[in-house]
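Both counts, for ligands and for their atoms, begin at 1 and track the order of listing. Sequence positions, counted from 1, serve as the residue numbers for this chain.
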Amino acid sequence: MGGSSAASVIVVGAGVFGLATGLALAEAGMKVRLVAETAPDLTASGVAAGMLAPAFEMALDPPAPDALGLLLAGRDLWPDLAGRLGVALDLAGAAAIGPETWLDGLEARLVALGLESRPAGRAEMEALSSGLGTRFPSALVTPEDWRIEPRLALQAMVRRLKDLGGTLETGNVTLRDLEEAACPVVLATGADRRLADLAPELGGLSPIKGQILWRPDFSPAVGVIRSPGAYLLGSGGGLLAGATMEAGRSDLAADPEAQVELRRALADAFPTLATEGWVTRVGVRAASPDGLPLAGAASRPGLFLAVGARRNGWLLAPLVAKIVTSAITGEDAGRWAARLDPLRFVRDGNGGR
Ligand SMILES: Cc1cc2nc3c(=O)[nH]c(=O)nc-3n(C[C@H](O)[C@H](O)[C@H](O)COP(=O)(O)OP(=O)(O)OC[C@H]3O[C@@H](n4cnc5c(N)ncnc54)[C@H](O)[C@@H]3O)c2cc1C
């Protein structure tokens, strides 16, 4: 890696965790050197849908039973971060469509969580899905879930990091590089576990492959719409539909067989949507044993972690960045730092590889 003496902190990884953390450290006055093997656009962060969705995530696939406060805390840091980055935040909310019983169950879970939602009729649904046509007559809308355009946000993070004197290099960081580092190092290495010999906490991460479908040629004005087994949204001059959850897989190959359920769910909700013309993008999420990130000091002195985002890396990035930055600068990390302590599994004896 060489030349680390000029930096006051090294961040490994240029996904949303690495960039948000690098940026927060630079904003705290540190000289940040960010090194990553993969360009931001090609990371899991670059292929993600960018939903900032505490409500529907808690109601449809909660990362942990006690995660709501954490997810809301992540979301609520976004307006400030998006403002500093100069990127738009879509605050229009998200809709869910599906059979009545499914919608009723969803609404009941949102109510139990104390989250806002309201029914929407056919006319509003048609406006939301811009004439795509849905099989279902009614919908549920929540104002709690927002969205950001991932690639624009990543580019803006890189720009701001450089404006603040930080650097971004392409390279593979090895165990030896870390042993030789003369300043604090943050590992924001996603689902990659090659550095687990130095940070055993990484050994407890497991990969979840995600395939997301993109129609670059087709841009109806569609907001975020969830349905049983799928979501659909308009993104960057195209349409995104996602996503598979393939636990234990970390390859980046397009796999049509694993998309069958997703495509069926899409056809179910949007029978008029063409089944051809979709491009597959693939990313690998990293899941910790309790579904929540590892953010803060690792067991090795001078080493810090920002990993384990599962499905909510975009949502949680500003909170993780704040916690890791506070751990390095000695500021108060706030009430969620203990819940995301990277040592919680090692201490409990279940974090090894
Ligand atoms: C299809 C899909 C849709 C998603 N949709 C959403 C969504 O709507 N909302 C949401 O909140 N989340 C979503 N997610 C989850 C989110 O994308 C991830 O949680 C998040 O991107 C993880 O970010 P990260 O920075 O931890 O890792 P990554 O984005 O994977 O970045 C890891 C970085 O580490 C680098 N790296 C690893 N090892 C080394 C090494 N030894 N040396 C140098 N560099 C190294 C890589 O090159 C890369 O730059 C989605 C994920 C997928 C796959």
Would E57 and R310 pass as an ion pair if we require N to O under 4.0 Å? no
Looking only at heavy atoms, is any part of R311 under 4.0 Å from ligand 1, and if so is it the side chain, the backbone, or both, or is it neither? backbone
Should the proximity of L19 to ligand 1, defined as any heavy atom under 4.0 Å, be assigned to the side chain, the backbone, both, or neither? neither
Can you find an N/O atom of A243 closer than 3.5 Å to an N/O atom of ligand 1? no
R147 and D145 ion-paired at < 4.0 Å: no
If hydrophobic clusters are built from ILVMFWY residues whose side chains come within less than 4.5 Å, do L77 and V186 share one? yes
With a heavy-atom distance limit of 4.0 Å, tell me whether D192 approaches ligand 1 through its side chain, its backbone, both, or neither. side chain
Rounded to the nearest 0.5 Å, what separation is found between the CZ atom of R339 and the CG atom of D66? 4.0 Å
So which protein heavy atom does atom 35 (C) of ligand 1 come closest to, and at what separation? G13 CA, 3.6 Å
Identify the protein heavy atom lying closest to atom 44 (N) of ligand 1, giving its residue, its atom name and the separation to 0.1 Å. E37 N, 3.1 Å
Heavy-atom distance to atom 19 (O) of ligand 1: which of R310, M245, R285 wins? R310
Nearest to atom 23 (O) of ligand 1 by heavy atom, S45, A53, G46, A20: which? S45
